[in-house]
Amino acid sequence: GVAITADPNTEIIINGGKISGRIDADSTVTIVDNRETGASITESSWEEVAEIIKAGKAKEYYSLGDIKTVNINGVDYEAKIIGFDHDGKNTVTFMFNEKIERNKMNDNSTNSGSWESSKMRTTILPEIYNNMENKNYLKEVSKKTIKGYADGNTNNTTNNIITTNDKLFLLSYSELYGSSSSQGNQYEYFKNGGFIGELEEITDEGYIMGYYSNVDYWLRSPATDDVKSFYREYREDCTSEDPTGTANTSLDVIPAFVIG
């Protein structure tokens with residue numbers, strides 16, 4: 001809260017006039033929110049977006065799939081809403097809708113150390129975070145990730161779970177696909193058929209056979225059937241997918257973050 005002390009007949013200006021008020025002669029205080037009701041997320045600053053989210057009003061203003069740009073090192077990248085209150089009360093989870101860069105999970109072809117000690121988590125994502133214009137509004141959240149085969153998880157058991165605290169993170173297999181809840185529940189946006197990137201047509205002799213996303217990005221979940229891979233999201237046509245990639249392969253880096 002904000003305490004205001006002023007003489008009667010005083011005008012009150014807060015946040016450049018976006019919130020204003022007046023103390024009348026009889027000491028009655030009137031406060032007016034001059035921000036446009038229902039203003040789109042693209043027209044709001046990250047500060048304003050964070051205020052709305054923390055006030056518990058995000059669903060009144062925004063919708064799943066809404067996009068807002070984040071400036072990173074002078075370049076604007078699209079981020080879209082993938083969940084409300086998924087990562088705590090009065091939070092909104094965003095995921096970039098395009099690659100920030102292409103990079104490796106690790107320098108070597110191993111999933112030893114799993115997500116917790118990966119180069120992606122310890123070096124690459126912190127470098128991206130440090131250059132994000134809205135980094136001061138990101139909330140640290142607890143994330144669960146299964147251990148990889150190289151760390152002894154050879155039977156994909158859910159008791160082989162590592163918990164980390166992250167401000168910028170990659171999605172897990174279950175957060176994207178909803179196969180189980182061991183690595184977090186599926187985000188609402190993906191439950192409703194949402195996707196990351198742009199859809200491109202697959203044609204055969206002039207006929208549209210279907211669509212696929214034009215991105216090929218890392219997930220934080222290590223493979224539990226080999227020592228060198230992590231899961232990825234990659235659809236090369238309508239029906240097939242290559243579920244894992246060798247850790248020292250460069251794929252799209254498309255992280256997520258939470259405001260709240």
Side-chain angles (χ1 to χ4, degrees), residues 72 79 82-83 86-88 91 93-96 99-132 135-187 190 196 215-234 242-260:
I72 303 175
I82 62 171
H86 184 102
D87 291 289
T91 63
T93 306
F94 292 81
M95 183 173 178
F96 284 99
K99 67 180 179 184
I100 307 303
E101 59 182 75
R102 284 181 70 84
N103 220 317
K104 308 170 184 178
M105 287 294 290
N106 285 315
D107 286 331
N108 299 316
S109 58
T110 179
N111 55 33
S112 177
S114 303
W115 163 247
E116 183 179 29
S117 300
S118 66
K119 180 181 180 180
M120 179 66 67
R121 179 176 180 270
T122 59
T123 302
I124 297 167
L125 292 187
E127 289 175 355
I128 294 173
Y129 168 82
N130 286 334
N131 289 295
M132 292 173 63
K135 66 180 181 181
N136 292 335
Y137 304 108
L138 271 60
K139 179 182 177 67
E140 187 174 80
V141 293
S142 177
K143 287 294 171 183
K144 294 180 179 180
T145 311
I146 201 164
K147 291 181 181 180
Y149 191 97
D151 290 328
N153 187 13
T154 59
N155 55 4
N156 199 20
T157 55
T158 56
N159 62 334
N160 284 297
I161 295 292
I162 299 171
T163 301
T164 57
N165 295 316
D166 299 298
K167 289 189 175 182
L168 197 62
F169 54 92
L170 302 184
L171 260 59
S172 71
Y173 191 91
S174 61
E175 287 173 337
L176 178 63
Y177 293 113
S179 54
S180 71
S181 60
S182 61
Q183 300 181 81
N185 294 318
Q186 186 180 27
Y187 280 98
F190 300 110
I196 296 299
V215 291
D216 175 11
Y217 58 92
W218 285 116
L219 303 177
R220 70 174 186 269
S221 304
T224 55
D225 57 358
D226 74 63
V227 299
K228 62 183 181 179
S229 301
F230 284 78
Y231 279 93
R232 69 200 285 194
E233 163 60 1
Y234 175 48
D242 182 4
T244 63
T246 305
N248 62 347
T249 300
S250 288
L251 299 178
D252 294 341
V253 179
I254 306 183
F257 58 90
V258 178
I259 304 290

(message) Side chains of Ile146 and Ser114, heavy atoms from C-beta outward: is any pair under 4.5 Å?
(response) no
(request) Decide yes or no for Glu116 and Thr145: does some side-chain heavy atom of the first lie under 4.5 Å from some side-chain heavy atom of the second? (result) no
(message) For Pro126 versus Met120, what's the shortest heavy-atom pair and its separation?
(response) CD-O, 4.1 Å
(message) Quick check for you: to the nearest 0.5 Å, what is the distance between Tyr137 atom OH and Ile259 atom CD1?
(response) 9.0 Å
(request) Determine the minimum heavy-atom distance between Pro222 and Lys147, stating which atoms define it. (result) CG-C, 3.7 Å
(message) Tell me every residue that passes salt bridge (Lys or Arg N to Asp or Glu O under 4.0 Å) with Lys119, counting only those two or more places apart in sequence or in another chain.
(response) Asp107
(message) Please report the interatomic distance CG(Leu176) to CD(Gln186), rounded to the nearest 0.5 Å.
(response) 7.5 Å
(message) Restricting to side-chain hydrogen bond (donor to acceptor under 3.5 Å, both in side chains), what partner residues turn up for Ser174, sequence neighbours left out?
(response) Ser172
(message) Rounded to the nearest 0.5 Å, what separates atom CD1 in Ile72 from atom NZ in Lys135?
(response) 11.5 Å
(request) Taking the side chain as every heavy atom from C-beta outward, state whether Lys99 and Ile254 have any atom pair closer than 4.5 Å. (result) yes
(message) Would Thr110 and Lys228 count as a side-chain contact (heavy atoms from CB on, under 4.5 Å) here? Give the steps.
(response) CA-CA 4 Å; Thr110 179; Lys228 62 183 181 179; 5.7 Å; no
(request) In sequence, state the C-alpha distance, the side-chain angles, and the governing distance for Asp252 and Asp216, and then conclude on side-chain contact (heavy atoms from CB on, under 4.5 Å). (result) CA-CA 6 Å; Asp252 294 341; Asp216 175 11; 4.2 Å; yes
(message) Quick check: closest heavy atoms across Ser109 and Thr246, and the distance to 0.1 Å?
(response) CB-CG2, 3.5 Å
(request) Determine the minimum heavy-atom distance between Ala247 and Asn108, stating which atoms define it. (result) CB-O, 3.7 Å
(request) Would you please name every residue forming a side-chain hydrogen bond (donor to acceptor under 3.5 Å, both in side chains) with Glu127, sequence neighbours left out? (result) none
(request) Could I get the full list of ring pair (Phe, Tyr, Trp, His ring centres under 6.0 Å) partners for Tyr231, not counting sequence neighbours? (result) Tyr173
(request) Without swapping roles, check the side chain of Asn106 against the backbone of Ser118 for a donor-acceptor pair under 3.5 Å. (result) no
(message) So, taking the atom named OG1 in Thr224 and the one named CG in Asn160, what distance separates them when rounded to the nearest 0.5 Å?
(response) 9.5 Å
(message) Nearest 0.5 angstrom please: Leu171 CG to Thr93 OG1, how far?
(response) 9.0 Å
(request) Return the set of residues passing side-chain hydrogen bond (donor to acceptor under 3.5 Å, both in side chains) with Asp226 (not counting sequence neighbours), or none when no residue passes. (result) Ser229
(message) Tell me whether Asn131 at atom CG has more than 12 heavy atoms from other residues, nucleotides or ligands lying less than 6.0 Å away.
(response) yes
(request) Report yes if some heavy atom in the side chain of Arg232 is under 4.5 Å from a heavy atom in the side chain of Leu219; otherwise report no. (result) no
(request) Check whether any side-chain heavy atom of Trp115 sits under 4.5 Å from a side-chain heavy atom of Ser221, and report yes or no. (result) no
(request) May I ask you to test the Met95-Phe190 pair for a side-chain heavy-atom distance under 4.5 Å? (result) yes
(message) Would you compute the distance between atom CG of Leu168 and atom CG of Leu125 and round it to the nearest 0.5 angstrom?
(response) 5.0 Å
(request) Using distance alone, with no hydrogens and no angle criterion, decide if Asp166 and Thr164 have a side-chain donor and acceptor under 3.5 Å apart. (result) yes
(request) Flag the pair Leu170 / Phe230 as yes when at least one side-chain heavy-atom distance between them is below 4.5 Å, and no otherwise. (result) no
(request) Mind checking salt bridge (Lys or Arg N to Asp or Glu O under 4.0 Å) for Lys143 and listing every partner two or more places apart, or none if nothing turns up? (result) Asp87, Glu175
(request) Look at the aromatic rings of Phe94 and Phe257 and report parallel, tilted or perpendicular, splitting at 30° and 60°. (result) parallel
(message) Taking the side chain as everything from C-beta on, heavy atoms only, tell me whether Glu101 gets closer than 4.5 Å to Ile128.
(response) yes
